[in-house]
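Numbers restart at 1 for each chain; the letters A, B, ... are given by sequence-line order, proteins then strands. Computed over heavy atoms, backbone and side chain alike; hydrogens, waters and symmetry mates excluded. The shown structure was predicted, so the numbers you read here are calculated from the model rather than taken from an experiment.
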Protein chains: 2
Amino acid sequence: MSTTASIKDVANHAQVAVGTVSNVLNYPDRVSQRTKERVLKSIAELGFVRNDAARQLRAGQSRTIGLIVLDVGNPFFSSVARAAEDAATALGSVVLVGDSGQDASREAHYMDLFQEQRVQGLLISPVGDVGQRIDTLRERGVPTVLVDELADTERCSSVSVDDQEGGYLAAKHLLDIGRRRLAFVGTPSIRQVASRLKGAQRAVAEVSGASIEVLDSEGQTVLTGRKVGNSLVERSPEKRPEAVFCSNDLLALGVMQSLTMLRTVRIPEDIALIGYDDIDFAISAVVPLSSIRQPTEALGRTAIELLAEEHDNGGTKHRAVVFTPELVVRQSTAGSGS
Amino acid sequence: MSTTASIKDVANHAQVAVGTVSNVLNYPDRVSQRTKERVLKSIAELGFVRNDAARQLRAGQSRTIGLIVLDVGNPFFSSVARAAEDAATALGSVVLVGDSGQDASREAHYMDLFQEQRVQGLLISPVGDVGQRIDTLRERGVPTVLVDELADTERCSSVSVDDQEGGYLAAKHLLDIGRRRLAFVGTPSIRQVASRLKGAQRAVAEVSGASIEVLDSEGQTVLTGRKVGNSLVERSPEKRPEAVFCSNDLLALGVMQSLTMLRTVRIPEDIALIGYDDIDFAISAVVPLSSIRQPTEALGRTAIELLAEEHDNGGTKHRAVVFTPELVVRQSTAGSGS
DNA sequence: CGTAACAAATGAAACGATTCAAAGACGAGT
DNA sequence: ACTCGTCTTTGAATCGTTTCATTTGTTACG
């Protein structure tokens with residue numbers, strides 16, 4: 001009783017052949033005005049809705065693109081996802097988002113799922129070693145694009161941000177406003193963080209008399225940032241760094257909190273502070289936080305574009321697009337004066 | 001060349017009938033050990049992957065549940081979504097998330113899409129008036145559950161949080177720690193916010209000598225909160241409220257920033273402050289923020305359960321589950337002392 | 001009037017899985 | 001040897017589209 005009407009029901013009701021109904025839906029120009037109207041009327045009366053499964057089965061491919069991210073709660077990824085969705089919509093596709101939660105088995109689960117769905121392509125921010133699986137996918141005609149990870153272009157395309165450059169930009173800025181003794185806060189065991197540190201060290205090496213010490217935060221949250229901040233406050237003033245570069249904004253906000261709370265250190269006068277990611281909270285921190293912005297919209301959009309490219313050239317050619325991050329200066333690193 | 005092997009290819013390769021391959025996949029017990037092994041070997045060799053479209057077509061229904069939220073970037077919804085995904089996974093289903101962005105046409109677009117996909121059911125946090133459409137869906141056998149919105153149980157099920165109770169809890173708490181002149185910050189034109197205000201007013205009415213003034217923030221962000229905070233600081237101390245209840249944590253953080261930045265008002269001694277939602281940043285604010293926590297995991301999980309119920313009873317019976325929010329006390333409303 | 005040219009409509013054949021009635025295989029019991 | 005019962009296996013039918021070679025209908029022109 002509650003089954004939806006099929007194209008056959010519509011055909012009967014409108015007294016035409018099924019092929020004609022299909023043509024009304026897919027090639028309206030091939031159908032005469034009169035029958036078109038009659039068919040559309042029947043569709044409305046019966047409340048007909050296309051069955052996408054049947055359509056996909058016939059087409060051999062879905063209009064779906066799979067996206068696997070490390071954490072949907074992370075603003076970086078939700079922003080990338082949103083951009084990808086918008087770009088896909090423009091192409092008449094839909095993005096399905098899977099959250100691996102940095103777990104390789106969940107990642108594998110979603111890869112299986114998306115393969116069963118015969119997705120047009122896969123965007124993935126990998127946690128495990130997926131090289132092998134990507135090869136398999138490519139053989140089966142499922143183009144894959146790595147997100148936020150540089151790919152071997154022999155294998156597949158990728159979109160990423162130059163983390164080393166981002167680190168360089170941040171440190172360079174701190175040096176430019178006259179600071180010499182810098183500190184880096186983060187967990188260098190994460191690849192992206194290590195690159196940012198490397199960039200920062202490069203900038204420091206360019207300026208004589210400049211130095212940078214590394215403080216492993218053992219975590220990437222506001223709380224761990226606050227711990228690092230406390231340890232800085234406890235130092236005697238002459239042993240404190242003149243500027244701190246945190247590998248993400250959460251850490252920076254934590255550091256900021258302990259510094260402002262204890263009120264013995266001023267930002268930016270005593271210590272200049274810069275974060276990374278430019279999350280929404282950065283601008284609305286107690287002292288608006290300078291940061292390195294990653295072009296998340298461009299990442300998402302480009303990922304879809306690369307997928308479309310692969311689709312066109314049959315997955316034979318791959319490109320690695322690397323974006324440059326952008327320095328956003330706010331009050332926490334304001335003025336070289338003072 | 002790059003087409004994936006079908007069940008028929010597997011059957012040929014393993015020298016069995018297609019039905020047998022299907023049985024290996026779906027009812028392994030019906031198949032003898034020997035053939036099962038042979039079939040599994042062929043599957044592995046050919047790299048066979050089930051075609052979900054064909055399976056769905058035959059089954060008449062997908063293993064997919066649609067979820068339409070107002071904003072995936074909002075931690076409240078991403079948390080609900082996550083819980084729903086987990087609960088669905090346990091049932092062998094998958095959740096597709098659509099972001100309406102508070103736009104009725106996008107909402108309609110996703111409803112159409114999900115109908116074409118023949119989803120098992122629909123979870124929706126409605127923006128427009130969807131009553132009519134939900135009736136249609138019910139007729140077609142697609143159960144729908146309203147999320148974060150109370151439903152007419154004649155029509156469909158729903159999961160929501162008692163906003164009035166949440167408002168009551170917040171105001172009651174402020175009164176309990178001895179404050180009498182309260183202020184409410186928020187945009188009461190939003191239904192949920194209006195309910196929270198109503199609850200707060202109820203609590204105030206129970207205590208003689210207590211009062212609450214409403215400050216329309218004209219926005220729900222940190223920045224608008226800061227504006228309100230500034231206006232409070234400008235008042236003469238005796239005209240300031242003794243406690244402020246903000247309709248969400250972002251507003252509260254904004255208010256907190258302007259109060260702490262200007263350093264003329266102490267939290268909680270001069271003004272106690274409480275927010276709503278208990279976002280991750282609440283605990284790590286300069287002064288850890290008291291808040292009203294909504295049981296997002298329970299919302300997501302229950303939404304899926306209600307869907308399963310409807311599926312079992314054929315969509316004839318509906319339930320409206322209302323959760324009670326929870327008061328989380330932190331330093332921003334600490335101690336009745338002082 | 002005949003027929004060429006074109007437009008519109010037809011309907012059978014896929015697509016790839018699942019289902020299920022029927023057939024086949026094999027032992028045990030008589 | 002024959003029957004019965006149980007366990008396996010078979011393969012045609014089905015789901016709802018799209019596609020495309022054919023058929024049917026219409027108009028124009030010699």
Undergrad: Just N and O in the side chain of B:T35: are any of them under 4.0 Å from OP1 or OP2 of D:dT8?
TA: no
Undergrad: Is there a donor-acceptor pair under 3.5 Å between the side chain of A:S79 and the backbone N or O of A:P75?
TA: no
Undergrad: Reckon A:S32 has a side-chain N or O less than 4.0 Å from the OP1 or OP2 of C:dA9?
TA: yes
Undergrad: Output the rounded distance in Å from CD (A:Q33) to P (C:dA9).
TA: 11 Å
Undergrad: Nearest 0.5 Å please: distance from the CZ atom of B:R155 over to the CD atom of B:Q132.
TA: 7.0 Å
Undergrad: Roughly, in whole Å, what's the span from CG in B:L57 to C1' in C:dT18?
TA: 10 Å
Undergrad: Check the distance between D:dG16's P and B:Q61's CD and give it to me in whole angstrom.
TA: 13 Å
Undergrad: It should be established whether B:N26 places a side-chain nitrogen or oxygen under 4.0 Å from OP1 or OP2 of nucleotide C:dT18.
TA: yes
Undergrad: Measuring from atom CD1 of B:I124 to atom CD of B:E149, what distance do you get when rounded to the nearest 0.5 angstrom?
TA: 10.0 Å
Undergrad: Quick check: on DNA chain C, is the nucleotide nearest A:A54 upstream (toward 5') of the one nearest A:N23, or the reverse? Name the residue that is more 5'.
TA: A:N23
Undergrad: Touch check for B:V31, heavy atoms < 4.0 angstrom, all strands: base, sugar-phosphate only, or nothing?
TA: sugar-phosphate
Undergrad: Please state how far atom NZ in A:K36 lies from atom P in C:dA7, giving the value in whole angstrom units.
TA: 15 Å
Undergrad: Can you check the A:R55 CZ to C:dC15 P distance for me, whole Å?
TA: 19 Å
Undergrad: For A:I7 and C:dA12, give me the distance from atom CD1 to atom P, rounded to whole Å.
TA: 15 Å
Undergrad: Is A:S157 reaching over with its side chain to a backbone N or O of A:R319, donor-acceptor style, under 3.5 angstrom?
TA: yes
Undergrad: Between A:Q192 (side chain only) and A:D148 (backbone N and O only), is there a donor and an acceptor less than 3.5 Å apart?
TA: yes
Undergrad: Can you tell me how far P of D:dT14 sits from NZ of B:K8, to the nearest Å?
TA: 16 Å
Undergrad: Does a side-chain N or O from B:S22 land closer than 4.0 Å to OP1 or OP2 of C:dT18, or not?
TA: yes
Undergrad: Are any of A:T20's side-chain N or O atoms less than 4.0 Å away from OP1 or OP2 of C:dT10?
TA: yes
Undergrad: If you compare every side-chain N and O of A:Y27 against the phosphate oxygens of D:dT18 (OP1, OP2), does one of them come in below 4.0 Å?
TA: no
Undergrad: Which is more 5' along DNA chain C, the nucleotide nearest B:V49 or the one nearest B:R30? Just name the residue.
TA: B:V49
Undergrad: NA contact type, A:G60, heavy-atom cut-off 4.0 Å: base, sugar-phosphate, or nothing?
TA: nothing
Undergrad: How many Å lie between CG on A:N51 and C1' on C:dG16, as a whole number?
TA: 14 Å
Undergrad: Classify the side chain of A:R58 versus the base of D:dT18 as yes if they form a donor-acceptor pair under 3.5 Å and no if they do not.
TA: yes
